[in-house]
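Before any comments, here is the structure.
Lettering of chains follows the sequences in order, A, B, ..., and the numbering in each one begins at 1. Given the structure is predicted, the values throughout are model-derived calculations rather than measurements.
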Amino acid sequence: MNVLNKVMIIGVTSSIAEHTARQLVGKGASLYCVARNAEKLDSIVKDLNVRAPNSNIIGAVMDIRDSQGHMKLLDDAINALGGLDAILVAHGTLPIQKDCESSWETTLVEIDTNALSVLSLLTLVGNYFEQQRRGVIAVISSVAGDRGRQSNYVYGAAKGMVSLFMQGLRNRLFKSGVSVVNIKPGFVDTPMTVGFEKTGPLWAQPDSVASGIVKAMEKGKGDVYLPWFWAVVMFVIRHIPDAIFKRLSL
Amino acid sequence: MRLAQFPSRNGPFTVYGNGRSYGDVCLTGDATLLKTRHLDRFIAFDPDTGVLECQAGVTLQEVLDLTVSQGWFLAVTPGTRFATVGGAIANDVHGKNHHSAGSFGHHVISLELVRSDGEILTCSLEENPLWFQATLGGLGLTGLIASVRLQLLAIESPWMRVVSQRFANLSEFWELNKSMEANWPYTVAWVDCLAKGANLGRGVYYAAKHLDAHSFQSSESLTPKPLSREKTLTFPLDSPISLVNNLSLRAFNSLYFRKPVEPLGGFAHYVPYFYPLDAIRHWNRIYGRKGFYQYQCVLPPQTSVDGINAMLQAISKSGQGSFLAVLKTFGERPAAGMLSFPRPGATLALDFPNREGHTQSLFETLDSIVHEAGGALYPAKDARMPAELFRQAFPAWEQFAHYIDPQLTSNFWKRITT
């Protein structure tokens, strides 16, 4: 079982990350919470303080696309927590595919937010954990990264890049005892998916996805689909021959 | 806390918490639902004073999970802990301790109300008192309740001491009720509504109080958690027909009445004591696709003895009964809100499987008894009360209407004002 006492969370205002934070402080963890929106971050830190009055919970405001600042951010977190057991990278945006199709600039921003900023963080944290010879790197990517589909392939490409990067990192850090956990949630009822018709059995609640994340981090799993049935769904999606797949409107 | 806000587009909207009302106060035909469950953050809790500040989408269960281990309980709780704090305020819910503690709204210190024009009103007995009274029991129509400050009740253990006693008929109930209410903060009675004649109104009386620290610590069998691991069963699907029918009811009611009672008292953990139905998810499916109605009324003190008697006679005569026939008296404390349901008198709550015409005609008979007795029906549990009965029972409704947010509505409100 991996220790999760000192955890850094990037993008804690994401609903899934916030619920994960609640479960971690419920188990006695101290947290270094990073988010872009100061007001939302403040209300989350307050909430976590009420839930766990004896835990050390620190908030830091930062736009994570500023990769120049990543080294300092990591140092600050390690200093504030007195070490680091795990990082959960949860920030991201869900772009409107049509906007990306008509603008390379928009596409680039989305790739930067959803992929490049993650790769920069993982490079630094990976080296730190490699030296420490333990640690958990968990990233919330998406089932969308498993195969490009016309409805959201820019988002999918970014998540896919993160997934491939993590496969390699996991391979490299295995011998150092570092877990690299790729979380792939399906449809989750969060503010990110506002505007979707959220009925039917495919929709999960953020707190149940959060319990799956904590379990996967503790156990040091590799690729984790949440809820589990997405593993089956995506297995099928990945194995549809391209001759057929390209004709589908997915 | 400026996180709760109306959508930028125009309404109408209906505010929806966790959907635990039995009727249509949080439902809409053509408006857009504003779902508040994601407003689920705590803001502050002081374990010395028991004052909790939180957003309105926090459920009562989430409050208790935080506070019971620190020695604080909800000052008033309804029969489900899955309701949100905002919903408990909007329906000014009550519990088994109304005679000693009043309703949920009596323990709200202040609340923040967000209006669709962007205005944010802090409401309390001192600040914007009329807005405060309109919003307590205001059925979610005065605005979006963003955050709340609640005064909790100090407890010494998570357990309850519970006594139970049978009563043979209604007059025995009234007598027993008088002595029990004087000594116990929580009281409620189950009534066998199929019993007739001399047995009319027979039932079992339950009284309880929070267990003190000394008894808790000296009894080794009591643990902080319920004794049997809290099991949640799920009723898997709609039953094709209602499993609540004459046969099952007769069997249930006569068995329940003969269930062993504990006049000297026993112990119960707060979860099974306050929230027995929460243990079965989707318990309503037992009633089949047609569902059920709850009929809950309150009759004023001067008419309640005759009125309850007449209602039980009408129900028993109709042969339609319910598992959950609950009788309790409310205390004298003036209502917290303009449209609060709890008021001095006796309240009777009954679940009826929906047998369409049969059920509706029974309700018409009951309505006329409630009307004559000067009583009221409970909006949070209603799906069919006639508009005239509402207006008679809630005379402040016209004053209340001035405080309704122009962007908010509900099926209930349309139904009883048109």
Side-chain angles (χ1 to χ4, degrees), chain A residues 9 12-28 31 33 35-55 57 59 61 90 185 187-201 203-211, chain B residues 1-9 13 16 18-19 32-59 61-72 82 85 112 114 120 146-150 152 232 234 236-237 281-282:
Chain A
I9 301 181
V12 74
T13 52
S14 118
S15 190
I16 295 176
E18 183 180 356
H19 280 89
T20 310
R22 288 179 186 175
Q23 298 193 12
L24 288 171
V25 298
K27 292 170 169 249
L31 299 183
C33 302
R36 194 170 41 161
N37 183 320
E39 196 182 22
K40 277 191 198 164
L41 176 65
D42 179 53
S43 81
I44 290 171
V45 170
K46 271 191 186 141
D47 170 77
L48 294 171
N49 271 317
V50 172
R51 289 172 196 267
N54 300 321
S55 291
I57 295 149
V61 179
F187 299 149
V188 189
D189 178 12
T190 68
M192 191 195 230
T193 50
V194 71
F196 285 69
E197 181 68 42
K198 296 184 186 181
T199 48
W203 284 88
Q205 287 303 311
D207 60 335
S208 72
V209 172
S211 347
Chain B
M1 297 302 299
R2 316 228 148 172
L3 296 169
Q5 58 188 45
F6 274 78
S8 47
R9 63 185 190 78
F13 303 109
Y16 180 98
N18 208 22
T32 303
L33 286 184
L34 296 184
K35 296 174 80 174
T36 63
R37 255 307 267 144
H38 287 304
L39 294 171
D40 65 348
R41 290 180 193 141
F42 294 111
I43 300 165
F45 177 57
D46 183 345
D48 295 326
T49 59
V51 174
L52 173 75
E53 187 176 1
C54 65
Q55 293 184 323
V58 170
T59 63
Q61 176 173 28
E62 288 164 342
V63 171
L64 294 170
D65 285 348
L66 175 75
T67 63
V68 168
S69 60
Q70 303 184 64
W72 295 95
F82 300 141
V85 169
E112 289 224 321
V114 179
I120 298 173
S147 69
V148 181
R149 288 177 72 221
L150 292 177
L152 303 182
T232 317
T234 299
L237 70 182
R281 296 214 178 236
H282 306 300

In chain order, what residues pass the side chain to side chain contact (heavy atoms under 4.5 Å, CB included) check against A:T190, with sequence neighbours excluded?
A:S15, A:I16, A:V188, A:M192, A:T193, A:P206

Relative to chain B, which segment of A:D189 carries a heavy atom at a distance below 4.5 Å: side chain, backbone, both, or neither?
both

Contact part of A:L48 toward chain B, heavy-atom cut-off under 4.5 Å: side chain, backbone, both or neither?
neither

Can you name the salt bridge (charged side-chain N to carboxylate O under 4.0 Å, His left out) partners of B:R149, sequence neighbours left out?
none

Determine, for B:R37 against B:E62, whether the closest basic-nitrogen to carboxylate-oxygen distance falls under 4.0 angstrom.
yes

Does the distance from a Lys or Arg side-chain N to an Asp or Glu carboxylate O, for A:R22 and A:D47, drop under 4.0 Å?
yes

Portion of B:D40 that has a non-hydrogen atom of chain A nearer than 4.5 angstrom:
both

